[in-house]
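Each chain gets a letter, A, B and so on, in the order its sequence line appears, and its residues count up from 1.
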2 protein chains.
Amino acid sequence: MEERPVMSPGPCEGTDREYEVLQWDVREGCEVRQILDRVADKWSLLAIAHLDRQSLRFTELRRRIEGISQRMLTVTLRQLERDGLVRRTVYPVVPPRVEYALTPLGATLHTTIQALVTWTEDHQEEIARARAAFDARQEEVLVS
Amino acid sequence: MEERPVMSPGPCEGTDREYEVLQWDVREGCEVRQILDRVADKWSLLAIAHLDRQSLRFTELRRRIEGISQRMLTVTLRQLERDGLVRRTVYPVVPPRVEYALTPLGATLHTTIQALVTWTEDHQEEIARARAAFDARQEEVLVS
DNA sequence: CGGCATCCTTCACGATACTG
DNA sequence: CAGTATCGTGAAGGATGCCG
């Protein structure tokens with residue numbers, strides 16, 4: 001068992017959520033950061049996005065998330081399962097059949113993640129233009 | 001100039017957004033994936049979250065994002081600037097004063113990102129419980 | 001103060017091989 | 001099919017030093 005979360009040992013309790021979102025940083029470094037990392041992770045994002053309202057078998061999921069290695073899909077799904085975001089169902093048949101689906105909690109996260117994905121899709125051209133403009137400006141500076 | 005995005009040279013044009021979100025994967029591997037990666041990046045997320053409706057100086061931002069190195073803050077801000085999400089303003093005084101703020105585009109992303117942050121805050125206990133339960137189950141299996 | 005360049009380490013991840 | 005275990009590598013990122 002190699003990559004098991006190491007859980008930063010820092011001081012981390014009583015994350016008084018009273019003072020409101022704008023101050024969410026005062027006690028950051030706590031678990032929020034770690035969870036955010038996991039949840040915003042490249043492969044987690046894609047896995048959750050693809051499990052929208054449907055359960056998928058391991059290989060099926062692997063095919064849909066183009067470019068993911070078997071190893072990373074396994075690791076990612078284990079983490080999501082551990083976090084209670086994905087439910088793993090094993091059918092005791094041979095050859096084995098394992099299905100993955102979002103839990104209710106995972107479904108609520110899906111909504112948020114889908115918003116991020118949609119935002120990206122909707123603004124990719126704008127970003128591409130910004131990049132081109134930025135690079136052009138850099139070019140100028142380099143020439144001069 | 002070391003880490004400049006390499007821009008995967010794969011086939012990537014005419015990302016027909018006609019077929020709708022559920023099919024956003026057919027042409028993935030395109031820029032969407034790359035942008036999603038950047039935008040969902042650990043430090044990008046935090047930087048954008050902290051630039052909510054206020055501009056901050058470099059050092060101020062650095063102090064608020066606990067744990068970020070100077071190097072990573074610089075790199076992150078450059079990328080966000082290049083993507084048109086953050087505006088960098090240099091005041092020609094000495095010592096130099098540089099302020100960072102969200103662009104209008106960045107502000108729209110902030111909304112989405114804040115939703116993700118809020119989700120994480122709202123569900124951290126639930127996730128902690130899920131993890132504890134999962135780990136307990138693993139323990140059982142190991143003992144047997 | 002707000003960087004950039006260099007060096008060096010770590011570890012995330014892919015590739016590969018083996019199993020129930 | 002759906003994993004697990006092991007190994008090797010590249011790249012991410014921290015530490016440090018210098019500069020306008």
Engineer: D/dT4 P sits how many Å from A/L73 CG, rounded?
Structural biologist: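 Taking CG of A/L73 and P of D/dT4, I get 11 Å after rounding.
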Engineer: Report, one pair per line, the protein and nucleotides 1-3 of chain C atoms (nitrogen or oxygen only) whose separation is under 3.5 Å.
Structural biologist:
unit_1 : atom_1 : unit_2 : atom_2 : d
C/dC1  : O3'    : B/R57  : NH2    : 3.1
C/dG2  : OP1    : B/R57  : NE     : 3.0
C/dG2  : OP1    : B/R57  : NH2    : 3.3
C/dG2  : OP2    : B/T59  : N      : 2.9
C/dG2  : OP2    : B/T59  : OG1    : 2.1
C/dG3  : OP1    : B/R78  : NH2    : 3.0
C/dG3  : OP1    : B/R88  : NE     : 3.3
C/dG3  : OP1    : B/R88  : NH2    : 2.6
C/dG3  : OP2    : B/Y100 : OH     : 2.5
C/dG3  : N7     : B/Q70  : OE1    : 3.2
C/dG3  : N7     : B/Q70  : NE2    : 2.7

Engineer: Hey, could you give me the OH/CG distance between B/Y100 and B/L77, rounded to the nearest 0.5 Å?
Structural biologist: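 Answer for the OH-CG pair, B/Y100 versus B/L77, is 5.0 Å.
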Engineer: Rounded to whole angstroms, how far apart are CD on A/Q138 and C1' on C/dC4?
Structural biologist: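 So the two atoms are 13 Å apart, to the nearest Å.
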Engineer: Hey, mind stepping through B/V39 and B/D83 against side chain to side chain contact (heavy atoms under 4.5 Å, CB included) and telling me if it holds?
Structural biologist: CA-CA 10 Å; B/V39 143; B/D83 291 350; 5.7 Å; no
Engineer: Could you walk me through whether B/S44 and B/L80 pass the side chain to side chain contact (heavy atoms under 4.5 Å, CB included) check?
Structural biologist: CA-CA 7 Å; B/S44 300; B/L80 293 177; 4.1 Å; yes
Engineer: Side-chain heavy atoms nearer than 4.5 Å, only ILVMFWY residues, links allowed to pass through others: does that put A/V90 and A/L61 together?
Structural biologist: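 In one cluster: yes.
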Engineer: Expressed in angstrom and rounded to an integer, what is the separation of A/R62 atom CZ from D/dC1 atom C1'?
Structural biologist: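 Whole-Å distance recorded here is 12 Å.
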Engineer: Is a side-chain donor or acceptor of B/R82 paired with a backbone partner of A/A132 at a separation under 3.5 angstrom?
Structural biologist: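 Side chain of B/R82 to backbone of A/A132, a donor-acceptor pair under 3.5 Å: no, none is there.
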Engineer: Kindly calculate the angle separating the two end axes of the helix from C/dC1-D/dG20 to C/dG20-D/dC1, each obtained from five base pairs, and round it to 10 degrees.
Structural biologist: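 Inter-axis angle at the ends, rounded: 50°.
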Engineer: With A/W119, which residues qualify under ring pair (Phe, Tyr, Trp, His ring centres under 6.0 Å), at least two apart?
Structural biologist: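 Partners of A/W119 by the ring pair (Phe, Tyr, Trp, His ring centres under 6.0 Å) criterion, ordered by chain and then number, come out as A/H123.
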Engineer: Can you check the A/M72 CE to D/dA2 P distance for me, whole Å?
Structural biologist: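 So the two atoms are 18 Å apart, to the nearest Å.
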Engineer: Whole Å only: how far is the CD1 atom of B/I68 from the C1' atom of D/dG14?
Structural biologist: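 Between C1' of D/dG14 and CD1 of B/I68: 12 Å.
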Engineer: Can you tell me how far apart CZ (A/R64) and NE2 (A/H50) are? Round to the nearest 0.5 Å.
Structural biologist: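 If we round to the nearest 0.5 Å, A/R64:CZ and A/H50:NE2 are 8.0 Å apart.
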Engineer: Rounded to the nearest Å, what distance is computed from the CG atom of residue A/L56 to the C1' atom of nucleotide D/dA2?
Structural biologist: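 Whole-Å distance recorded here is 15 Å.
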Engineer: Check the distance between C/dA12's P and A/D37's CG and give it to me in whole angstrom.
Structural biologist: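 A/D37 atom CG is separated from C/dA12 atom P by 11 Å.
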Engineer: Enter the distance from A/R38:CZ to B/T120:OG1 here, rounded to the nearest 0.5 Å.
Structural biologist: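 It comes to 12.0 Å.
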Engineer: Could you give the CZ-to-P distance, from B/R71 to D/dA12, as a whole number of Å?
Structural biologist: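 Whole-Å distance recorded here is 9 Å.
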Engineer: Applying the side chain to side chain contact (heavy atoms under 4.5 Å, CB included) criterion to A/F58, which one of A/R88, A/R97, A/Q70, A/E99 satisfies it?
Structural biologist: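 Result: among A/R88, A/R97, A/Q70, A/E99, A/Q70 is the only option passing the side chain to side chain contact (heavy atoms under 4.5 Å, CB included) with A/F58.
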